[in-house]
Amino acid sequence: MYGAKVGLCIGLGLICFATQVMAGAVDVSKKILSRPSLLKPEDVAVIYNINDAQSEEVARYYLQARQVPIENLIGVELPRHAKDALSVAEFESLKTQLDAKLTHQQVLLLVWRTPFAVQCNSLTSALTLGLDLNQCRKTCDPGRDSPYFNSASLRPWADHHLRLSMLLPITSVEAAKALIDRGVLSEFSLNEADGYFLKTRDAARSKPREPFFPQDGVTIKSKKLTLHTLSQEAIEKQSSVMFYFTGQKQVDYMLTNSYLPGAIADHLTSAGGVLGSYNTQMPASRWLDAGVTGSYGTVSEPCNYWQKFPNPQIVLGHYLAGETLVEAYWKSVKWPMQGLFIGEPLAKPYARSAFLPED
């Protein structure tokens, strides 16, 4: 994996990061072109579980906070006893309910904590790309390419016939509403921010993404963003975190940091997307509880292919160009079938700055 050349270009060369893996850190400071998102509140279908009062309460709060049309609120019936994974039959029932009610929407926001998987597939990927049960025969096999990976598209349904799915997990109603508020607040002002990319001693979890980390100390003035690539196990007591990518089972000192509205963070590990049952590895939802706006984790053993996890180069490129969190994150995973996308999809802290001249 590490000896191959990787060419990561968006569409017609609108944003291009071309590098040889292991050839050194990536310089992103002068490779950002404006591509502000075209997604609007009316493009989001907000889906809740009719058997869960908290799910409906948070879904209705999202409609109000984001001014999503009431006709985009869709109630579905999920199994009454909460469980982590749907069976294939249960998933087909959910999909049938949705297909009967969806029209023009580009994004599906699922408002509940469980279920989050369909066998070895994440629920978000199964709804967006369709089930891939072949992956479940051996979850450590390579995955199936996403047609949306590093795409130039700003209209996923029109261009790829895909509706981008994201889960808004409810650990509590108050925490879920605070997450929604952070997504909304992300659009109002451009703050001085920092991005952290950690090379940890956990080589199996850290090494796969290190070739895609930026050069330490790069500052992108038009985005008010400074990037830090550090050889350490965690960051502590940092006050303006917008990006945090690491590789570990557990992330220490998360609660000592302050995360800006719209912040993205994840930790490459096998079971970060397992949100429900007991999990010896930190669930990705812990990031949201700490104040992050979007995260990602896999729901079944993926092995440590970089292609199954968010590529930091691509997340940066699309997010800083003005795209939404759901677009930037989805575009960053080449083999996403085992990966669960969680957070507030419409956060876009760099949308306004997309109209400013670059450095």
field: ILVMFWY cluster, L320 and L154 together (side-chain gap under 4.5 Å)
entry: no
- request: Determine, using the 4.5 Å side-chain heavy-atom cutoff (strictly less than), whether Y259 and Y253 are members of one ILVMFWY cluster.
  value: no
- prompt: Should V184 and V111 be counted in the same cluster of Ile, Leu, Val, Met, Phe, Trp and Tyr side chains packed under 4.5 Å apart?
  reply: no
- prompt: Does the cation-pi check pass for R163 over W157, that is, NZ or CZ under 6.0 Å from the six-membered ring centre and within 45° of its axis?
  reply: yes
field: Flag side-chain contact, heavy atom, 4.5 Å: S270 against P302
entry: yes
message: One thing to verify: whether K95 and E92 come together as a salt bridge, which I'm taking to mean a side-chain N less than 4.0 angstrom from a carboxylate O.
response: no
- prompt: Are the side chain of T246 and the backbone N or O of H267 linked by a donor-acceptor pair below 3.5 Å?
  reply: no
- request: Kindly say whether G247 contributes a backbone atom to a donor-acceptor pair with the side chain of S206 at under 3.5 angstrom?
  value: no
message: Tell me whether S189 contacts the main-chain N or O of N191 through its side chain, where contact means a donor paired with an acceptor under 3.5 Å.
response: no
message: Between E327 and K348, does any NZ, NE, NH1 or NH2 come within less than 4.0 Å of an OD or OE carboxylate oxygen?
response: no
task: Find out whether Y296 and V315 are in side-chain contact, i.e. whether some heavy atom of one side chain is under 4.5 Å from a heavy atom of the other.
output: no
query: In terms of side-chain heavy atoms, does D181 have a donor or acceptor partner in Y61 at a distance below 3.5 Å?
result: yes
- request: State, yes or no, whether a side-chain contact exists between Q307 and P142 at a heavy-atom distance under 4.5 Å.
  value: no
- prompt: Under 4.5 Å between any side-chain heavy atoms of H228 and D216, yes or no?
  reply: yes
query: So, for A126 and F91, which heavy atoms are closest and what is the spacing to 0.1 Å?
result: O-CZ, 3.6 Å
Shortest non-hydrogen separation from R286 to M254 and the atoms involved: O-CE, 3.5 Å
task: Might you work through the side-chain contact (heavy atoms from CB on, under 4.5 Å) test for K334 and D145, ending with a clear yes or no?
output: CA-CA 6 Å; K334 185 174 176 62; D145 283 358; 3.5 Å; yes
query: Out of Y244, F243, F245, which one pairs with W287 under the ring-ring contact (aromatic ring centres under 6.0 Å, His included) rule?
result: Y244
query: Would a hydrophobic clustering, with Ile, Leu, Val, Met, Phe, Trp and Tyr connected at side-chain separations under 4.5 Å, put I47 with I50?
result: yes
task: If the plane angle is over 60° it's perpendicular, under 30° parallel, otherwise tilted; pick one for F213 and F197.
output: tilted
No-hydrogen, no-angle side-chain donor-acceptor test under 3.5 Å, Y48 and E57: no
- prompt: Within the side chain of S172, is there an N or O that forms a donor-acceptor pair under 3.5 Å with the backbone of A175?
  reply: yes
message: Taking atom NZ as the centre, does K83 end up with more than 12 heavy-atom neighbours from other residues, nucleotides or ligands that are less than 6.0 angstrom away?
response: yes
field: Donor-acceptor contact present, side-chain E344 to main-chain L168, <3.5 Å
entry: no
- line: The reported gap from CG in L129 to CG in L164 (rounded to nearest 0.5 angstrom) is 9.0 Å
query: From D132 CG over to C136 SG, what is the distance, rounded to the nearest 0.5 angstrom?
result: 7.0 Å
- request: Determine whether more than 12 heavy atoms belonging to other residues, nucleotides or ligands lie under 6.0 Å from atom CZ of R155.
  value: yes
- request: Calculate, to the nearest 0.5 Å, the distance between atoms CZ and CD1 belonging to R60 and I70 respectively.
  value: 5.0 Å
field: Side-chain donor or acceptor of T128 paired with backbone N/O of S165 under 3.5 Å
entry: yes
task: Output the distance between atom OG1 (T293) and atom CG (L346), rounded to the nearest 0.5 Å.
output: 12.0 Å
- prompt: If only atom types and distance count, is the side chain of Q238 paired as donor or acceptor with the main-chain N or O of E236 below 3.5 Å?
  reply: yes
query: When you look at NE2 of H104, are more than 12 heavy atoms from neighbouring residues, nucleotides or ligands closer to it than 6.0 Å?
result: yes
message: How close do L179 and V292 get, counting heavy atoms only, and between which atoms?
response: CD1-O, 3.7 Å
- prompt: What's the verdict on side-chain contact (heavy atoms from CB on, under 4.5 Å) for V107 and M166, showing C-alpha distance, side-chain angles and the deciding distance?
  reply: CA-CA 8 Å; V107 174; M166 182 164 273; 5.6 Å; no
query: Quick one: do L185 and I180 end up in the same hydrophobic cluster if we chain Ile, Leu, Val, Met, Phe, Trp and Tyr together by side-chain heavy atoms under 4.5 Å apart?
result: no
message: With heavy-atom distances below 4.5 Å as the criterion, would you say the side chains of M282 and Q248 are in contact?
response: no
query: If you take all heavy atoms of M242 and L260, which pair is closest and at what distance?
result: CE-CB, 3.9 Å
query: Considering residues, nucleotides and ligands other than E71, do more than 12 of their heavy atoms fall under 6.0 Å from its CD?
result: yes
- prompt: Does the side chain of L225 come within less than 4.5 Å of Y350's, by heavy atoms?
  reply: yes
query: Can you check whether V44 reaches V326 side chain to side chain, under 4.5 Å on heavy atoms?
result: no
query: How far apart are the C-alpha atoms of D202 and T269, what are their side-chain angles, what is the distance that settles it, and do they pass the side-chain contact (heavy atoms from CB on, under 4.5 Å) test?
result: CA-CA 10 Å; D202 189 336; T269 193; over 6 Å; no
- prompt: Of all heavy-atom pairs between S332 and I314, which one has the smallest distance, and what is that distance?
  reply: CA-CG2, 3.7 Å
- prompt: For the residue pair R113 and L275, what are the closest heavy atoms and their distance?
  reply: NH2-O, 2.6 Å
message: Checking the side chain of N304 only, and the main-chain atoms of A204 only, is there a donor and an acceptor separated by less than 3.5 Å?
response: yes
- request: Give the ring-plane orientation class for H160 versus Y148, where under 30° counts as parallel, over 60° as perpendicular and anything between as tilted.
  value: perpendicular
query: Going by atom types alone, do D159 and S153 pair a side-chain donor with an acceptor below 3.5 Å?
result: yes
message: Could you tell me if the side chain of S240 sits less than 4.5 Å from the side chain of E192, heavy atoms only?
response: no
CA sep, side-chain torsions, deciding dist, call: K249, T280, side-chain contact (heavy atoms from CB on, under 4.5 Å): CA-CA 8 Å; K249 287 184 182 179; T280 59; 6.0 Å; no
message: With a 3.5 Å distance limit and no angle check, can you tell me whether R182 reaches the backbone of L288 through a side-chain donor-acceptor pair?
response: yes
field: Spatial distance of atom CG (L167) from atom OG1 (T114) [nearest 0.5 Å]
entry: 9.0 Å
task: Establish, from distance only, whether the side-chain atoms of D266 and Y329 form a donor-acceptor pair under 3.5 Å.
output: yes
message: Any side-chain to backbone donor/acceptor pair from K40 onto L38? Under 3.5 Å, distance only.
response: yes
- prompt: Nearest 0.5 Å, what's the NE2-CD distance between H318 and Q313?
  reply: 10.5 Å
